[in-house]
Amino acid sequence: MTGDSSPQSLSRSSYGSISSPPSSKPQKEPLRATYLSEKILIPDTEPLLWVLLWATVLGLLCQRLAARLGVVTGKDLGEVCHLYYHKAPRTLLWLTIELAIVGSDMQEVIGTAIAFNLLSAGRIPLWGGVLITIVDTFFFLFLDNYGLRKLEAFFGFLITVMALTFGYEYVVARPAQVALLRDLLLPSCSGCGSPELLQAVGIVGAIIMPHNIYLHSALVKSREIDRSRRADIREANMYFLIEATIALSVSFFINLFVVAVFGQAFYQQTNQAAFDVCANSSLHDYAKIFPKNNLTVEVDIYQGGVILGCLFGPAALYIWAVGLLAAGQSSTMTGTYAGQFVMEGFLKLRWSRFARVLLTRSCAILPTVLVAVFRDLKDLSGLNDLLNVLQSLLLPFAVLPILTFTSMPALMQEFANGRLSKAITSSIMALICAINLYFVIIYLPSLPHPAYFVLVALLAAVYLGLTTYLVWTCFLAQGATVLAHSSHRHFLYGLPEEEEERISG
C-alpha cells in the first residue's frame with residue numbers, strides 16, 4: 001500500500017467480476033476495523049463466497065461424471081450425444097455448446113485487451129488489445145506443433161502464474177480470515193435482490209463452463225485403459241477423480257483469491273472514496289475513471305486492477321494484469337480443444353486446430369472489437385459480466401446430457417449412477433434451472449424496447465423446448481418407462497451393437 005493513500009470504508013468479500021447496478025444510497029453501515037490496516041474500515045456485509053464453494057463442488061461432480069463416461073464407454077460426451085439424440089435436438093445442442101465456447105473466447109479477448117491496456121498504462125487502446133489477441137492465437141498453434149506434453153507444461157506454467165499473481169494480491173490485501181471462512185462455510189444472503197442474483201448466476205457460469213464438461217469426457221480417452229477388466233476401469237475412475245479434485249482445488253483457491261481481494265478492495269465502495277484513494281496515490285492519473293459521487297462502484301476487472309494499484313502500489317496493478325493474461329491464454333487452450341472434440345463428436349467433422357481457432361476467434365473478436373471501438377470500457381466489462389451469465393444459462397445443456405448417459409445401466413453397466421448420486425445431481429440441476437428461469441423473468445422488464453420481447457420469446461421457446469427434451473430423455477435413462485416412446489426406447493435398453501456402428505459410421 002502506498003504511504004500517502006488513505007483508503008476509506010473498504011469492505012470484505014464479494015464476487016468481483018460481476019458488476020452490480022449502482023446504488024444511490026450512501027454507505028451508512030456501522031464500521032469496524034480489521035487487521036489489514038487501522039485506516040481501512042469494513043462495513044458488515046453478507047457476501048456470496050459460499051456460492052463459489054458450492055459451484056466448485058458441483059463442478060467436481062460434473063467432471064467426475066464426465067470422466068466416468070469417457071473411461072467406461074471409450075467415447076466422449078459429444079460422441080454419445082450423436083449416438084442417442086435425434087438429429088434436430090442434437091444439432092441445437094451442438095449450437096448451444098459452440099455458443100458457450102465463443103462466449104468463453106470473448107471473455108479471453110476482453111481480459112487480454114484489458115491486461116494489455118493496464119500493462120501499457122493506457123498506451124495500448126482496448127481495440128488494439130483485442131487485435132493483439134490474434135497473435136496469441138498463433139502462439140498457441142505454434143506450441144501445439146511440439147506435442148501435447150509441451151502444451152500441458154505450458155498450461156501448468158499458466159496455472160502457476162495465476163496462482164502466484166492472484167495469491168500475491170491476496171497476501172497484500174490480507175482480508176479478515178475469520179470473516180472469510182464464515183462467509184465461505186455458512187450460506188447466507190440477507191436482503192439479497194437482483195444484483196446479488198446476477199452475481200450468483202455469474203459465479204456459477206464462471207466456475208462451471210459447459211464446454212469444459214465435454215472436454216473432460218474426451219481428455220480421459222488419451223489414457224490406455226483395458227475396458228475388459230472391471231478392476232482397471234474402477235482404478236482409472238478413482239485416479240481421474242483424484243486428478244479432478246486436485247485441479248479444481250487449485251482453481252477454487254485462485255478464484256477465492258480473486259473474490260476475496262475484490263471484496264476487500266471494492267465491495268460497496270463509493271465512487272468518491274475510490275477517487276480519493278487513487279488521487280492520493282502514485283497512480284493518481286487513474287482517479288478520473290471514478291466519478292465524484294456517492295454511488296456504489298460498479299466492479300469490473302479493469303477497475304479492480306486500478307484500485308489494487310492505488311491501494312497497494314503499482315506492482316499490484318501490473319501483477320494483476322499478468323494474471324489476467326495467464327487466465328486468458330489458458331482459456332484459449334481449453335476452448336480450442338473443447339471445440340474440436342465437440343465438433344468431431346456431434347458432427348463427425350474433423351477440422352485442424354488452426355481452422356477451429358480461426359473460426360472461434362473470428363466469432364469472438366468481431367463483436368468485441370466493435371464494442372471496444374464504438375463504446376467504452378464500462379460496456380466492455382459489462383459484456384464480460386453478461387457472458388458469465390450466458391455460461392450459467394447454457395449449463396443445463398451439458399449437465400443434463402452427462403447425467404442422462406451416466407445413469408443408463410445399458411450404457412454404463414455396473415458403473416451407472418447410484419440413487420444418491422442421481423438425487424444430488426438432479427436436485428442441483430433443478431435448482432440451477434429454477435435460478436436461471438427466475439433470473440430471466442426478473443430481467444425481462446429491463447428490455448429497452450417492446451420489439452425485443454419477440455426475439456426473447458423465440459429464443460425462450462427454443463431454450464425451453466430443448467431443455468424439456470433433455471429432461472424427458474433424462475427421466476427415460478433413469479427408468480421412467482411410463483414416459484417411453486417407441487422412437488426413444490434406446491434410452492431404456494441401449495443401442496444394438498450394429499445400430500451403434502451404423503450411426504457412428
Side-chain angles (χ1 to χ4, degrees), residues 62 66 69-70 73 75-106 209-218 335-353 355-364 367 387 390-406 408 411 429 433 436 455-477 483 485-491 494-495 499-505:
C62 292
L69 178 70
T73 66
K75 296 179 175 63
D76 61 62
L77 181 55
E79 291 174 313
V80 179
C81 288
H82 178 83
L83 287 173
Y84 280 85
Y85 290 135
H86 284 194
K87 186 174 182 179
R90 183 176 71 221
T91 304
L92 286 175
L93 190 59
W94 167 70
L95 289 174
T96 62
I97 302 306
E98 291 290 355
L99 180 60
I101 293 171
V102 171
S104 174
D105 207 52
M106 286 180 67
M209 293 193 170
H211 56 280
N212 282 344
I213 297 176
Y214 286 82
L215 174 64
H216 199 68
S217 68
T336 299
Y337 276 98
Q340 186 178 31
F341 288 126
V342 165
M343 181 172 282
E344 290 179 2
F346 276 96
L347 305 181
K348 300 303 176 185
L349 291 178
R350 297 185 180 276
W351 284 19
S352 66
R353 290 196 180 95
R356 272 296 323 177
V357 172
L358 190 62
L359 173 65
T360 305
R361 185 52 56 93
S362 298
C363 294
L387 290 170
L390 175 67
Q391 299 293 338
S392 180
L393 291 173
L394 297 177
L395 187 57
F397 302 129
V399 177
L400 284 172
I402 197 66
L403 177 60
T404 297
F405 298 122
T406 54
M408 291 176 57
L411 181 66
M429 190 66 255
C433 289
N436 286 341
L455 177 61
V456 170
L458 292 174
L459 293 176
V462 175
Y463 183 93
L464 292 175
L466 182 57
T467 303
T468 302
Y469 176 83
L470 295 178
V471 170
W472 173 53
T473 54
C474 187
F475 277 122
L476 293 180
L483 300 175
H485 185 272
S486 58
S487 61
H488 285 72
R489 297 185 71 83
H490 51 281
F491 282 95
L495 284 170
E499 180 70 8
E500 184 174 325
E501 291 176 357
R502 183 187 66 80
I503 297 175
S504 300

Restricting to non-hydrogen atoms, name the atom on Leu77 and the atom on Ser217 that form the minimum distance, rounded to 0.1 Å. N-OG, 2.9 Å

Could you pull out all residues at least two apart from Trp94 that satisfy side chain to side chain donor-acceptor pair (under 3.5 Å)? Glu98

Considering only heavy atoms from C-beta outward, does the side chain of Pro401 approach that of Leu93 to under 4.5 Å? yes

Search all heavy atoms of Ile101 against all heavy atoms of Gly339 and return the closest pair with its distance. CD1-CA, 3.4 Å

Using 0.5 Å steps for rounding, measure from the CG atom of Leu395 to the CD1 atom of Ile213. 5.5 Å

Look at the side chain of Tyr463 and the backbone N and O of Leu393, then say whether any donor-acceptor pair between them is shorter than 3.5 Å. yes

Distance (rounded to the nearest 0.5 Å) between Cys474 SG and Tyr469 OH: 12.5 Å

Check whether Asn212 reaches the backbone of Leu215 with its side chain - one donor and one acceptor, N or O, closer than 3.5 Å. no

Return yes if some donor-acceptor pair links the side-chain N/O of His86 with the main-chain N/O of Ala88 below 3.5 Å, else return no. no

Restricting to non-hydrogen atoms, name the atom on Cys62 and the atom on Val399 that form the minimum distance, rounded to 0.1 Å. SG-CG2, 3.8 Å

Could you list the residues that satisfy side chain to side chain donor-acceptor pair (under 3.5 Å) with Ser486, not counting sequence neighbours? none

Can you tell me how far the CG atom of Leu400 sits from the CD1 atom of Ile402, to the nearest 0.5 Å? 11.0 Å

Using atom types as modelled and distance alone, determine if a side-chain donor or acceptor of His490 lies under 3.5 Å from a backbone N or O of Tyr84. yes

How many angstroms lie between CE in Met343 and CD1 in Ile97, if you round to the nearest 0.5 Å? 13.0 Å

Determine the minimum heavy-atom distance between Ala398 and Pro210, stating which atoms define it. CB-O, 3.5 Å

Do the side chain of Ser104 and the main chain of Ala100 share a donor and acceptor less than 3.5 angstrom apart? no

CG on Leu347 to NE2 on His82, rounded to 0.5 Å: 8.5 Å

Check this for me: Phe475, atom CZ, are more than 12 non-hydrogen atoms of other residues, nucleotides or ligands nearer than 6.0 Å? no

Using ring centroids (six-membered ring only for Trp), state whether Trp472 and His485 fall under 6.0 Å. no

Any side-chain to backbone donor/acceptor pair from Glu79 onto Asp76? Under 3.5 Å, distance only. yes

Separation between CG (Leu92) and OG1 (Thr467), nearest 0.5 Å, reads 10.5 Å

Please report the shortest heavy-atom distance between Arg90 and Cys81, naming the atom on each side. CD-O, 3.7 Å

Over all atoms of both residues, closest heavy-atom pair of Phe405 and Leu411: O-CD2, 3.6 Å

Taking the six-membered ring for Trp, are Phe397 and Tyr214 ring centroids under 6.0 Å apart? no

